[in-house]
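Each ligand, and each atom within it, is numbered from 1 in the order the structure gives.
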Amino acid sequence: DRRVGPDLGPDAPAYPQHEVPSWYRDAKFGVFVHWGLYSIPAWARPRRPGEHVPVELEYHHHQYAEWYANTVRIPGSPTRLLHEREYGVGTSYEDLADSWTIEAFDPRRWMRLFADCGARYVVPTAKHHDGFCLWDTATTSFSSVRRGPRRDLIAELAEAAREAGLRFGLYFSGALDWHVSDFAPIRSATDLFTLRRNDEAFARYSFDQLMELVDRHAPDVLWNDVDWPDAGKTAGPSSLRALFERYYEQVPGGVVNDRWGVPHLGYRTREYHSEEGVTPWVWEATRGLGTSFGYNRAEDDRHLIGHGDLVRLLVDTVAKNGNLLLNIGPRADGSLPEDQVERLRHLGDWLKAHGEAIYRTRPWVRYAEPVGAPVRYTVGPDGAFHLIAMDPSAGWLRLADDLVESARATASWGDVPAVVDASGHVTIPPGLRGLPAAVLTLRQAHPGTG
Ligand SMILES: CC(C)[C@@H]1NC[C@@H](O)[C@H](O)[C@@H]1O
């Protein structure tokens, strides 16, 4: 998923150096929120986890409900057929803007829930590929202030997030804006990077929109998607370089991701994928709770990640030097799907009991063992060493040789001293065997903790 930009030749601008801030590396868990016009139809052909779709149908059967505006334009797609059935042949996707009402929207309740579930940052979509802006922008009338809700949703979310003690980031679709483009629908990965505007006017439009958001909300994260208009990748006052310089000046503790199409990034992103091991770079795993980011009413519990798998996804990601940015897709009216909330709460409950092994930790010299019971390792800021058993139901595990001596002297399962024999066999207390992951903590420095 890592994007590296085009060769812009000798006059390509140099980009500012900017470290990934420690608040981000300490945070470990954020909530993505995909909410917009696509939440009105809220439909994509449901895809069971692991279901194979032939590559030639990948876009015809796109699994992302937030891609409705593109999928509906593909003749014969399931989305097109549903749209004509439910909205009539003459209704366009953009016509839906005037029917968007948000009677159940309670931003403070959202943010209190995300904070209570252990999230440390939140990243709502300010503008997705459909070009509909969720803030009071001067650049277009295609916005939530001039149509539908007639409210500045980003302003309300920013205030509520910071009131709840969360860092506030913003997602922005830098490369794709189907409201101001006039291409055929995207039907392949090649189309994704070619059917987009790269002209100066669009680069300026994108720059102006993102700078409105930076100037107004000083977002802690700028999460750009797909790429940036190529005309914005040279020098100039509305160039990407100028944007980064102004952003870092206004938000010294801010961080960007890696989807700008230029040789500048903060952290790297993986979408529905993980890294293979501990990485020298900081990265973020992101996925929906189901197989879509925007709410998909065609999905049910079978399409959502399991409660235990969600805990283990966070643990695995953190052990490999990553954060988890987990997406929730609100319904159009602003209510949160109960099956998604339930998974967030389950993760929050585990974090309430075991967060010491996650927050503010850093990876060890290895994230796991090549054989034996599945474990993950993290190291706390105080040097505490955490071994996280990923299948406590087994009832026991055997420690790696380089951990046995320290474990026998200091290891505990929370407040319960661990029973470790000379061979490194350690019993998992029965009371922990029902957990999705159990934490053994060694309170002594270990090889490779620096
Ligand atoms: C990871 C997430 C932000 C996804 N990025 C690619 C988009 O096409 C997709 O809809 C979704 O926003």
Side-chain angles (χ1 to χ4, degrees), residues 1-3 29-47 53 58-74 77 79 93 121-134 154 169-179 181 183 185-196 206 210 219 221-228 255-261 265-275 283-296 299 305 313 317 322-330 340:
D1 297 343
R2 288 186 282 279
R3 272 83 174 162
F29 173 35
V31 170
F32 228 158
V33 183
H34 277 63
W35 193 40
L37 292 190
Y38 43 80
S39 310
I40 299 169
W43 197 88
R45 179 186 173 280
R47 187 178 304 183
V53 172
E58 188 60 45
Y59 286 77
H60 187 276
H61 285 175
H62 209 297
Q63 69 188 58
Y64 289 167
E66 69 278 11
W67 267 70
Y68 190 97
N70 185 73
T71 318
V72 76
R73 297 193 302 130
I74 297 176
S77 72
T79 301
Y93 170 82
Y121 60 108
V122 61
V123 182
T125 50
K127 180 184 84 171
H128 204 265
H129 306 336
D130 60 359
F132 191 74
C133 299
L134 273 61
I154 294 301
L170 284 172
Y171 167 102
F172 185 77
S173 176
L176 300 177
D177 181 322
W178 297 324
H179 178 66
S181 307
F183 294 110
I186 290 170
R187 306 182 70 155
S188 70
T190 305
D191 289 352
L192 176 62
F193 287 93
T194 51
L195 296 185
R196 66 187 184 95
S206 304
L210 197 46
V221 180
L222 285 187
W223 213 105
N224 187 63
D225 208 353
V226 183
D227 205 313
W228 190 262
V255 66
V256 304
N257 68 346
D258 63 343
R259 300 189 177 192
W260 303 86
L265 61 101
Y267 62 81
R268 297 176 189 268
T269 56
R270 302 306 307 272
E271 186 172 332
Y272 279 92
H273 283 88
S274 180
E275 294 287 0
W283 64 284
E284 183 180 76
T286 188
R287 60 159 289 159
L289 275 156
T291 64
S292 170
F293 288 88
Y295 175 57
N296 182 359
E299 286 195 330
I305 187 171
L313 171 64
T317 301
N323 284 15
L324 173 62
L325 183 61
L326 182 66
N327 183 82
I328 190 164
Q340 297 191 34

Go ahead and list the nitrogen or oxygen contacts between ligand 1 and the protein that come in under 3.5 Å, distances to 0.1 Å, or just say none.
{"residue": "ligand 1", "atom": "5 (N)", "partner": "Asp225", "partner atom": "OD2", "Å": "2.7"}
{"residue": "ligand 1", "atom": "5 (N)", "partner": "Glu271", "partner atom": "OE1", "Å": "3.4"}
{"residue": "ligand 1", "atom": "8 (O)", "partner": "Trp67", "partner atom": "NE1", "Å": "2.8"}
{"residue": "ligand 1", "atom": "8 (O)", "partner": "His129", "partner atom": "NE2", "Å": "2.8"}
{"residue": "ligand 1", "atom": "10 (O)", "partner": "Glu66", "partner atom": "OE2", "Å": "2.7"}
{"residue": "ligand 1", "atom": "10 (O)", "partner": "Trp67", "partner atom": "NE1", "Å": "3.2"}
{"residue": "ligand 1", "atom": "10 (O)", "partner": "His128", "partner atom": "NE2", "Å": "3.1"}
{"residue": "ligand 1", "atom": "12 (O)", "partner": "His34", "partner atom": "NE2", "Å": "2.8"}
{"residue": "ligand 1", "atom": "12 (O)", "partner": "His128", "partner atom": "NE2", "Å": "2.8"}
{"residue": "ligand 1", "atom": "12 (O)", "partner": "Asp225", "partner atom": "OD2", "Å": "3.4"}

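- For the residue pair Tyr38 / Asp130, no side-chain donor-acceptor distance below 3.5 Å is found, with atom types taken as modelled.
- For Asp177, the salt bridge (Lys or Arg N to Asp or Glu O under 4.0 Å) partners two or more places apart in sequence, or in a different chain, are Lys127.
- Checked against the 6.0 Å centroid criterion, the rings of Phe132 and His179 do not qualify as a close aromatic pair.
- Under the rule for a salt bridge (Lys or Arg N to Asp or Glu O under 4.0 Å), the partners of Arg196 that lie at least two apart in sequence or sit in another chain are Asp227, Asp230.
- Side-chain rings of Trp223 and Phe32 approach one another, their centers coming within less than 6.0 Å.
- Scanning for salt bridge (Lys or Arg N to Asp or Glu O under 4.0 Å) contacts around Arg73 gives an empty result, with sequence neighbours left out.
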